[in-house]
Amino acid sequence: MTRAEAGPVPGGAINLGLAGRVVLVTGGVRGVGAGISSVFAGQGATVVTCARRAVDGLPYEFHSCDVRDEDAVQQLINDITERHGRLDAVVNNAGGSPFVLTAESSPKFNRKIIELNLIGGLLVSQFANEKMQAQPGGGSIVNICSLSGRRPSPGTAAYGAAKAGLESLTQTLAVEWGPKVRVNACVVGMVETEQADLFYGDADSIAAISKNVPLGRLAKPEDVGWAAAFLASDAASYISGASLEVHGGGEPPHYLSTTTASAVK
């Protein structure tokens, strides 16, 4: 079994120098967000998470916040900096969308999805940047984007469009806010979370889908966490405006599974 097939690296095997950093992970309580929070915490960072609803038993500082609400986001950032004296990194992870075909989606639904996946990240970034610009060490922002923003996204059209906007936003903010604040993106592919069955089906279906991924498996939430932690660390101190693809090699073109051309078998 290769390292990639085995899954994420144990926390003690890598030290990214994040001990003592104050990190906000939006939506950091479930799924991909929980994996991101766990990696930063394992690296010794002080992790602050937020979501609209509290989750019992979290090992991290939690704030109830709807990232679409400007006043709530401003209060969140103020509370963090008042309590900890600074904010070193933000991971804009809050987002998602149920499956709804575009012809059946209402304007209200589309608006909410775009606000959550694009406007929310912009609001958090704006208020965080204001604090980071005033800090001697600046700061780092990592936006969790998606392959859905780069290819057709049937059933989640508004989500894909919003994620495409978030990746574009990443590049612009890196130009506007450097050199004090670095802004990067993780472009994430298929991830096996506790709700993977809603998107990929049962265990047999996930196993079949995994065969199409060059690295032979779907990502674990911690895989995304390691990528985000790297981008937030000093190891990436000259990386800004970049998109790090976290997709196990990507999704091969569909024609490869049906072609009769021997050269590509």
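Values below: every heavy atom of this structure, side chains too, minus hydrogens, waters and symmetry copies.
At a threshold of 4.5 Å between side-chain heavy atoms, the hydrophobic network of Ile, Leu, Val, Met, Phe, Trp and Tyr places V25 and V181 in two separate groups. Put simply, L58 and L24 are part of two different groups of oily side chains (I, L, V, M, F, W, Y) that touch within less than 4.5 Å, one to the next. Hydrophobic cluster membership is shared by F127 and L173, with clusters built from Ile, Leu, Val, Met, Phe, Trp and Tyr side chains linked at under 4.5 angstrom. In the hydrophobic clustering of this structure, F230 does not group with V22; members are Ile, Leu, Val, Met, Phe, Trp, Tyr whose side-chain heavy atoms approach within less than 4.5 Å, directly or through other members. Hydrophobic clustering (ILVMFWY, side-chain heavy atoms < 4.5 Å, transitive): V29 and V48 are in distinct clusters.
Contact detail for V47 and Y60: the closest heavy-atom pair is O-CB, 3.6 Å. In terms of heavy atoms, A232 sits closest to V142 at N-CG2, 4.2 Å. Considering every non-hydrogen atom in both G28 and S37, the closest pair reads O-OG, 2.9 Å. Contact record, P221 with G31: CB-O, 3.5 Å, taken as the closest heavy-atom pair. Heavy-atom minimum distance, G248 versus V213: O-CG1, 3.5 Å. Closest of all the heavy-atom pairs between A51 and F62 is N-CE1, 3.5 Å.
The distance from atom CD1 of I141 to atom CE of M132, rounded to the nearest 0.5 Å, is 5.0 Å. Residue F40 holds its CZ atom at 13.0 Å from OG1 of T49, rounded to the nearest 0.5 Å. Interatomic distance, CZ of R68 versus CG of L118, reported as 13.0 Å (0.5 Å rounding). Interatomic distance, CG of L76 versus CG of D66, reported as 11.5 Å (0.5 Å rounding). Going from atom CG of L166 over to atom CD1 of I114 covers 12.5 Å, rounded to the nearest 0.5 Å. Interatomic distance, K211 NZ to I209 CD1, rounded to the nearest 0.5 Å: 12.0 Å.
More than 12 heavy atoms of other residues, nucleotides or ligands lie within 6.0 Å of NZ in K180, so this atom counts as buried by the packing criterion. Surrounding CD of Q133 are more than 12 heavy atoms belonging to other residues, nucleotides or ligands, all under 6.0 Å away.
The backbone N or O of A94 sits less than 3.5 Å from a side-chain atom of T26, completing a donor-acceptor pair. In this structure a side-chain-to-backbone donor-acceptor pair under 3.5 Å is present from N184 to I239. S168 places no side-chain N or O within donor-acceptor distance of the main-chain N or O of A164, the cut-off being under 3.5 Å. For S64 (side chain) and R53 (main-chain N/O), no donor-acceptor pair under 3.5 Å exists by modelled atom type. With R182 contributing its side chain and L231 its backbone, the two residues share a donor-acceptor pair below 3.5 Å. The main-chain N or O of S125 is never found under 3.5 Å from a side-chain atom of E130 such that the two would form a donor-acceptor pair. Judged purely by atom type and a 3.5 angstrom limit, S106 uses its side chain to pair as donor or acceptor with the backbone of F109. Looking only at distances, a side-chain donor or acceptor of N117 sits under 3.5 Å from a matching main-chain atom of I113. Looking only at distances, no side-chain donor or acceptor of D88 sits under 3.5 Å from a matching main-chain atom of V23. Of the possible polar contacts, one joining the K163 side chain to the I144 backbone as a donor-acceptor pair under 3.5 Å is found.
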| Stepwise side-chain contact (heavy atoms from CB on, under 4.5 Å) test for V90 and V124 | CA-CA 8 Å; V90 167; V124 173; 3.7 Å; yes
| request: May I have the step-by-step check of side-chain contact (heavy atoms from CB on, under 4.5 Å) for K131 and N78, ending in yes or no? | output: CA-CA 9 Å; K131 301 296 184 181; N78 286 342; 3.2 Å; yes
| request: Decide yes or no on side-chain contact (heavy atoms from CB on, under 4.5 Å) for H63 and D79, but give the supporting numbers first. | output: CA-CA 9 Å; H63 293 251; D79 287 346; 3.9 Å; yes
| task | Please lay out, stage by stage, how E245 and R150 fare under the test salt bridge (Lys or Arg N to Asp or Glu O under 4.0 Å). | result | CA-CA 11 Å; E245 297 168 356; R150 294 185 172 183; 2.5 Å; yes
| said: Please determine whether side-chain contact (heavy atoms from CB on, under 4.5 Å) holds for the pair T46 and H84, giving the CA-CA distance in whole Å, both sets of side-chain angles, and the decisive distance to 0.1 Å. | reply: CA-CA 9 Å; T46 297; H84 299 284; 3.7 Å; yes
| E192/R217 under salt bridge (Lys or Arg N to Asp or Glu O under 4.0 Å): CA gap, chis, key distance, verdict | CA-CA 9 Å; E192 188 172 358; R217 64 177 178 87; over 6 Å; no
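By the 4.5 Å heavy-atom criterion applied to side chains, K220 and V191 are not counted as neighbours. Between E167 and N143, the closest side-chain pair of non-hydrogen atoms is not below 4.5 Å. Considering only heavy atoms from C-beta on, V188 stays 4.5 Å or farther from L147 through its side chain.
Counted by atom type alone, T102 and S105 present zero donor-acceptor pairs between their side chains at under 3.5 Å. Donor-acceptor pairing under 3.5 Å is lacking for the side chains of D71 and Q75.
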